[in-house]
Amino acid sequence: MTVAQFIAKQTRLGKRYAKGVLRRGEVFLNESRITDGSKDLGKFDQLKVAGKIIQSHVPRYLLLHKPVGILSANSDPTHRTVVDLIREPWARELHIAGRLDRATTGLVILTNDSTFSESLTQPEHKVPKTYHVDTEHSITGEAIAAFRGGMSFAKEKIRTHPALVIQLSENSCRLTIFEGKHHQIKRMFLRFGIRVTKLHRESIGPYVLPSDLAAGDYITFAKPLPK
Ligand code: URA
């Protein structure tokens, strides 16, 4: 990704903003002012835009226990976001490796290492994501069989990888999926007229939400676990 593309994406202010800050001399790559945004940005090149470091030399990795009502976004004019919960000077450099709906709780991974986040989110890696699901209606054998068999999603033109399901009670289960499509679990259940009332992500691949991590808290870790 070029410097200009990264500025547009990370600030969410678009290409025009990126061109403007470059033209005005407000962009510093590894402490040197640059005006040409076509240069490729290295993973840990430091990039400072309009006085703020938007990518630093230091890789950052963080597990957050997302509470209900918090938006999986970097910033938002009306709602608090997962990044707003991070009390670190470098919080604004982070991006989210797999979003959760506002009402969903549980594990969110944040990082400034795009190779790491892509290794967790790109569909071809088929990283398992495990959720505790509570439902209003009984979870039927028909629904479980369909989840285990894989389901077609016409909008995304995909067939899901066979999910793992452990039924915990008539109205709850532990479900592992291998994609991360918009509202995927709610849509899977709704296909069978079953409304999800609570959704909580317990793990993403080898990363497990620590049981003693309170909602709203986070821990940092030094480097990704070996594959
Ligand atoms: N599936 C959903 O429906 N919502 C989430 O937040 C995550 C998976």
Exercise: do [X] and [Y] side chains pair donor with acceptor under 3.5 Å:
X: His200; Y: Thr105; value: yes
X: Thr197; Y: Glu136; value: no
X: Gln10; Y: Gln55; value: no
X: Ser169; Y: Asn171; value: no

Query raised in the report: For atom CD of Gln122, is the number of surrounding heavy atoms from other residues, nucleotides or ligands below 6.0 Å larger than 12?
Result: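 Enclosed.
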Report task. For residues 80-89, pull every pair meeting side chain to side chain donor-acceptor pair (under 3.5 Å), keeping only residues two or more places apart or in separate chains. Result ->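 Applying side chain to side chain donor-acceptor pair (under 3.5 Å) to every pair that reaches into residues 80-89, excluding sequence neighbours, yields Thr81-Asp84, Asp84-Arg92, Glu88-Tyr218.
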For [X] versus [Y], what's the shortest heavy-atom pair and its separation?
X: Ile219; Y: Pro210; value: CD1-CG, 3.8 Å
X: Asp36; Y: Ser38; value: OD1-OG, 2.8 Å
X: Thr121; Y: Gly98; value: CG2-N, 3.6 Å
X: Phe178; Y: Lys126; value: CD2-O, 3.4 Å

State whether the side chain of [X] and the backbone N or O of [Y] hold a donor-acceptor pair below 3.5 Å, judged by distance alone.
X: Asn74; Y: Val83; answer: no
X: His137; Y: Arg195; answer: yes
X: Asn30; Y: Gln46; answer: yes
X: Arg174; Y: Ile166; answer: no
X: Thr111; Y: Arg60; answer: yes
X: Thr160; Y: Met151; answer: yes
X: Arg12; Y: Ser75; answer: yes

In Å, rounded to the nearest 0.5 Å, how long is the span from [atom1] of [X] to [atom2] of [Y]?
X: Ile139; Y: Ile194; atom1: CD1; atom2: CD1; result: 6.5 Å
X: Glu170; Y: Ser138; atom1: CD; atom2: OG; result: 3.5 Å
X: Lys186; Y: Thr104; atom1: NZ; atom2: OG1; result: 4.5 Å
X: Ile185; Y: Leu199; atom1: CD1; atom2: CG; result: 5.0 Å
X: Arg187; Y: Gln184; atom1: CZ; atom2: CD; result: 7.5 Å
X: Asp217; Y: Asp212; atom1: CG; atom2: CG; result: 9.5 Å

Report task. Go through the steps to decide whether Cys173 and Phe189 satisfy the test side chain to side chain contact (heavy atoms under 4.5 Å, CB included), and finish with yes or no. Result -> CA-CA 11 Å; Cys173 70; Phe189 278 89; 3.9 Å; yes
Query raised in the report: What's the verdict on side chain to side chain contact (heavy atoms under 4.5 Å, CB included) for Leu168 and His132, showing C-alpha distance, side-chain angles and the deciding distance?
Result: CA-CA 9 Å; Leu168 303 170; His132 184 114; 3.5 Å; yes
Requested in this report: Run through His183, His182, Lys66 and flag the one making a side-chain hydrogen bond (donor to acceptor under 3.5 Å, both in side chains) with Asp101.
Outcome: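 Answer after filtering His183, His182, Lys66: His183.
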Report task. Quick one: which residue pairs count as a ring-ring contact (aromatic ring centres under 6.0 Å, His included) with a foot in residues 17-38, not counting sequence neighbours? Result ->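 Sorted result for residues 17-38: empty, none.
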Examine [X] and [Y] and state if one hydrophobic cluster contains both, with Ile, Leu, Val, Met, Phe, Trp and Tyr joined whenever side-chain heavy atoms are less than 4.5 Å apart.
X: Leu71; Y: Val108; value: no
X: Leu225; Y: Phe221; value: yes
X: Tyr61; Y: Val208; value: no

Report task. Would you check, one step at a time, whether the test side chain to side chain contact (heavy atoms under 4.5 Å, CB included) holds for Leu100 with Tyr131? Result -> CA-CA 11 Å; Leu100 290 177; Tyr131 294 81; 3.9 Å; yes
Requested in this report: State which residues pass salt bridge (Lys or Arg N to Asp or Glu O under 4.0 Å) with Arg24; sequence neighbours excluded, sorted by chain then number.
Outcome: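 Arg24: salt bridge (Lys or Arg N to Asp or Glu O under 4.0 Å) contacts with Glu26.
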Are any of the side-chain heavy atoms of [X] and [Y] separated by less than 4.5 Å?
X: Ile144; Y: Phe192; answer: no
X: Pro59; Y: Lys223; answer: no
X: Leu47; Y: Val27; answer: yes
X: Leu175; Y: Ile177; answer: yes
X: Ile109; Y: Phe116; answer: yes
X: Pro128; Y: Leu164; answer: no
X: Pro162; Y: Arg148; answer: no

Query raised in the report: Would Leu120 and Lys129 satisfy side chain to side chain contact (heavy atoms under 4.5 Å, CB included), going step by step from the backbone distance to the final call?
Result: CA-CA 10 Å; Leu120 294 178; Lys129 279 141 296 222; over 6 Å; no
